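Here is the structure we will look at.
By convention in this document, chain letters (A, B, ...) are assigned in the order of the sequence lines, proteins followed by strands, and residues within each chain are numbered from 1. Computed from a predicted model, the values in this text were never measured in an experiment.
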Amino acid sequence: MIPALSVKEALASSAPRDDVRVQGWVRTRRDSKAFSFIELNDGSSLRSLQVIAQDSLPNYLDVQRLVTGASVEVRGKLVPSQGKGQTWEVIADELTIVGPSDDSYPLQKKGHTPEFLREIAHLRPRSNLFGSVFRVRSRLAFAVHQFFQERGFVYVHTPIITGSDCEGAGELFRITTIDAKNPPRTGDGEIDYARDFFARSTFLTVSGQLEAEAFACALSKVYTFGPTFRAENSNTSRHANEFWMIEPEMAFCDLNGNMDVAEELVKYLIRDVRVNCPEEIELFGKFVDKGLIARLDFVLDRPFQRISYTEAVELLRANGQSFEFPVEYGTNLQSEHERWLTEKHFKCPVTVFNYPKEIKPFYMRLNDDGKTVTAMDVLVPGIGEIVGGSQREERLDGLEANMRRHGLDPADYKWYLDLRRYGTVPHAGFGLGFERMLMFVTGVPNIRDVIPFARTPGSAEF
RNA sequence: UCCUGAGUAGCUCAGUGGUAGAGCGAUCGGCUGUUAACCGAUUGGUCGUAGGUUCGAAUCCUACCUCAGGAGCCA
């Protein structure tokens with residue numbers, strides 16, 4: 001049997017072919033006098049392949065009953081199309097109905113709302129929009145690895161199950177094999193996790209950063225790319241409880257180097273998708289966000305705006321713009337403030353750095369002013385924070401002091417402190433939200449629509 | 001978790017106290033190298049759930065559920 005051709009390969013053909021085999025799902029079918037047009041899609045490309053099924057086929061009556069959603073295999077000739085709209089089509093010599101469908105198939109030829117498609121998450125990749133989103137997702141993940149591998153970074157698989165329960169990166173999902181109906185108890189009646197599976201409390205990771213630091217202090221430049229779990233009851237278009245995060249960590253690197261890599265990475269990813277997913281980006285520009293392509297190109301063309309937290313606060317206050325929440329030094333910037341900076345004032349991605357130490361986690365390096373730490377956030381229009389990172393505190397005394405100030409016991413972080421005890425080096429890293437990056441390059445406004453099967457509060461059906 | 005809004009046919013929606021509607025889809029027929037085809041007919045409903053007000057509720061009230069937008073948390 002001849003090998004099957006993907007729809008993408010068939011459409012890219014440079015010459016007619018006498019004998020081809022294609023497989024896929026029927027997007028739509030139209031009857032003509034003596035034959036039937038079938039649009040065949042196999043997800044290899046946004047476009048479908050037109051198949052001509054003539055009434056001379058022995059199973060033509062069955063072919064005429066084919067409805068959207070059915071799967072078929074076609075053997076025939078790839079020929080130049082007589083009609084407009086496509087260069088190639090397949091004249092079927094043999095059409096096998098692999099799996100029929102029926103009128104209860106929920107996807108129609110017409111457009112559906114993303115909210116409806118979310119309810120049929122198992123079928124939505126068969127739509128143009130979601131097929132495109134997930135092809136881009138695959139390409140974007142590849143580009144992430146390409147970026148780091150080209151630059152000599154080592155990919156590290158940090159653990160999914162972790163015992164670090166106080167990183168300050170949000171609520172955690174507990175991992176346990178304890179019988180909820182009959183848990184072991186300590187003397188004072190509390191659940192005794194020392195008798196749990198790992199002989200201690202364990203959780204799904206909220207960040208691979210601490211482990212990545214250990215590897216950076218050995219392999220110099222590393223990155224992680226994997227799932228992350230936060231048990232936050234967040235109900236927004238840009239939060240999910242399971243998401244993927246990219247976390248580079250670099251030894252002998254300071255805040256400026258960190259900001260350079262973050263900016264380079266974001267631009268690299270945009271450029272890669274622009275070049276390698278042109279049809280998908282065009283679709284998003286047409287049906288999802290009319291300003292998408294102009295915005296992506298604009299971001300590629302100019303440097304990100306860099307501004308210290310202090311300068312940002314001054315700028316926001318000086319502007320006289322009335323905000324719902326007041327701008328005050330020492331508090332986190334509100335979403336409306338970030339939006340104003342990226343969308344109204346600079347109209348491009350903005351990297352804000354050197355935040356007050358009170359509002360940032362213990363591991364960030366204290367600046368010489370004694371008031372700020374080397375934090376940096378990359379904010380992008382429409383989404384807000386897409387990158388969060390810092391130069392890490394590499395001085396043992398300083399790190400221990402930070403821990404105490406945050407109410408943490410240094411004894412719980414012995415291995416992490418060892419990194420400062422033995423051959424400490426300045427190092428820095430950041431986290432890039434993979435889905436947020438995907439939202440940015442596709443223009444898709446809801447994180448639930450860039451994850452195959454999204455996990456959000458009250459929702460884990462699929 | 002808080003604030004706001006919305007749940008009516010498979011989908012998108014109209015219907016503000018008096019017989020449940022349209023477009024699309026689907027089905028059947030016609031026409032046609034068609035391509036979000038076209039023409040005609042047919043099909044289609046616990047009006048989110050449970051209470052309440054009223055002679056009468058899709059419509060007014062209460063609670064709950066679900067979804068969306070915004071806020072907080074952050075990636």
Notebook entry, point to check: Hey, would you say the Tyr413(A) and Tyr363(A) ring centroids sit under 6.0 Å apart?
Noted result: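 When the ring centroids of Tyr413(A) and Tyr363(A) are compared, they turn out to be at least 6.0 Å apart.
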Note to self: Are Tyr155(A) and Phe153(A) an aromatic pair, judged by ring center distance below 6.0 Å?
What the structure shows: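 Aromatic pair excluded; centres sit 6.0 Å or further apart.
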Notebook entry, point to check: Under 3.5 Å, is there a donor-acceptor pair between the side chain of Trp88(A) and the main chain of Ser13(A)?
Noted result: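 Checked: pair present.
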Notebook entry, point to check: What do you reckon, do Phe35(A) and the base of G33(B) stack, with centroid distance below 5.5 Å and planes below 30°?
Noted result: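 Whether judged by distance or by angle, Phe35(A) falls short somewhere, so it does not stack on the base of G33(B).
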Rounded to whole Å, please give me the gap between [atom1] in [X] and [atom2] in [N].
X         : N      : atom1 : atom2 : result
Glu338(A) : G72(B) : CD    : P     : 8 Å
Arg29(A)  : U32(B) : CZ    : C1'   : 14 Å
Phe434(A) : C74(B) : CZ    : C1'   : 18 Å
Gln209(A) : A75(B) : CD    : P     : 9 Å
Leu204(A) : A75(B) : CG    : P     : 17 Å
Glu115(A) : C13(B) : CD    : C1'   : 14 Å
Asp31(A)  : G30(B) : CG    : P     : 11 Å
Phe116(A) : G7(B)  : CZ    : P     : 18 Å

Among [options], find the nucleotide with the atom closest to the side chain of [X].
X        : options                : value
Ser81(A) : G69(B), G33(B), U27(B) : G33(B)
Phe37(A) : U34(B), A71(B), C74(B) : U34(B)
Arg30(A) : A68(B), A75(B), A37(B) : A37(B)
Lys33(A) : A36(B), G25(B), U32(B) : U32(B)

Has [X] got a side-chain N or O lying under 4.0 Å from the OP1 or OP2 atom of [N]?
X         : N      : value
Gln334(A) : G72(B) : yes
Ser335(A) : G72(B) : yes
Ser104(A) : G10(B) : no
Thr236(A) : G72(B) : no
Arg118(A) : A68(B) : yes
Arg238(A) : A71(B) : yes
Asn446(A) : G69(B) : yes
Arg230(A) : C74(B) : no

Taking the [atom1] atom of each, how far is [N] from [M], in whole Å?
N      : M      : atom1 : result
A22(B) : A41(B) : P     : 12 Å
C73(B) : A36(B) : C1'   : 42 Å
G7(B)  : U46(B) : C1'   : 15 Å
A20(B) : G45(B) : P     : 13 Å
U43(B) : G56(B) : P     : 33 Å
U66(B) : C61(B) : P     : 22 Å
U42(B) : G69(B) : P     : 40 Å
G17(B) : U59(B) : C1'   : 7 Å

Using purine N1 to pyrimidine N3 plus N6-O4 or O6-N4 for Watson-Crick, or N1-O2 and O6-N3 for G-U wobble, each under 3.5 Å, what pairs with [N]?
N      : result
C13(B) : G21(B)
G33(B) : none
U42(B) : A26(B)
U4(B)  : A68(B)
A50(B) : U62(B)

Under 4.0 angstrom, heavy atoms only, what part of the nucleic acid is [X] near: base, sugar-phosphate, or nothing?
X         : answer
Ile246(A) : nothing
Arg448(A) : sugar-phosphate
Asn233(A) : base
Gln82(A)  : base
Glu119(A) : nothing
Ile52(A)  : base
Glu89(A)  : base

Margin query: Rounded at 0.5 Å granularity, tell me how far CD in Glu115(A) sits from CG in Asn446(A).
Written below: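 Answer for the CD-CG pair, Glu115(A) versus Asn446(A), is 7.5 Å.
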Return yes if the base of [N] and the side-chain atoms of [X] contain a donor-acceptor N/O pair under 3.5 Å, otherwise no.
X         : N      : value
Gln108(A) : G25(B) : no
Arg436(A) : C74(B) : yes
Ser234(A) : C73(B) : yes
His239(A) : C74(B) : yes

Margin query: Using every non-hydrogen atom in the two residues, find where Leu66(A) and Leu95(A) come nearest and quote the distance to one decimal.
Written below: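 That closest heavy-atom pairing would be CD1-CD2, 4.2 Å.
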Item checked: Nearest non-hydrogen partners of Arg29(A) and Ser36(A), listed with the distance ->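 For Arg29(A) versus Ser36(A), the nearest heavy atoms are NH1-OG, 3.1 Å.
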Notebook entry, point to check: Mapping Ala240(A) and Arg339(A) onto RNA chain B by nearest heavy atom, which one lands closer to the 5' end?
Noted result: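 Counting from the 5' end, the first nearest nucleotide belongs to Arg339(A).
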Item checked: Most 5' of Thr113(A) and Gln86(A) on RNA chain B, judged by nearest nucleotide ->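 The residue mapped nearer the 5' terminus is Thr113(A).
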Notebook entry, point to check: Checking Arg306(A) against Phe304(A): charged group under 6.0 Å from the ring centre and within 45 degrees of the axis?
Noted result: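 No; the conditions do not both hold, so Arg306(A) does not lie above the ring face of Phe304(A).
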Next item on the list: Please say which of Glu435(A), Arg436(A), Glu232(A), Arg230(A) ends up in a side chain to side chain contact (heavy atoms under 4.5 Å, CB included) with His239(A).
Entry: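 Of the listed residues Glu435(A), Arg436(A), Glu232(A), Arg230(A), the side chain to side chain contact (heavy atoms under 4.5 Å, CB included) partner of His239(A) is Arg436(A).
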Check: Does Gln146(A) CD have over 12 foreign heavy atoms under 6.0 Å away?
Finding: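 Result for CD/Gln146(A): enclosed.
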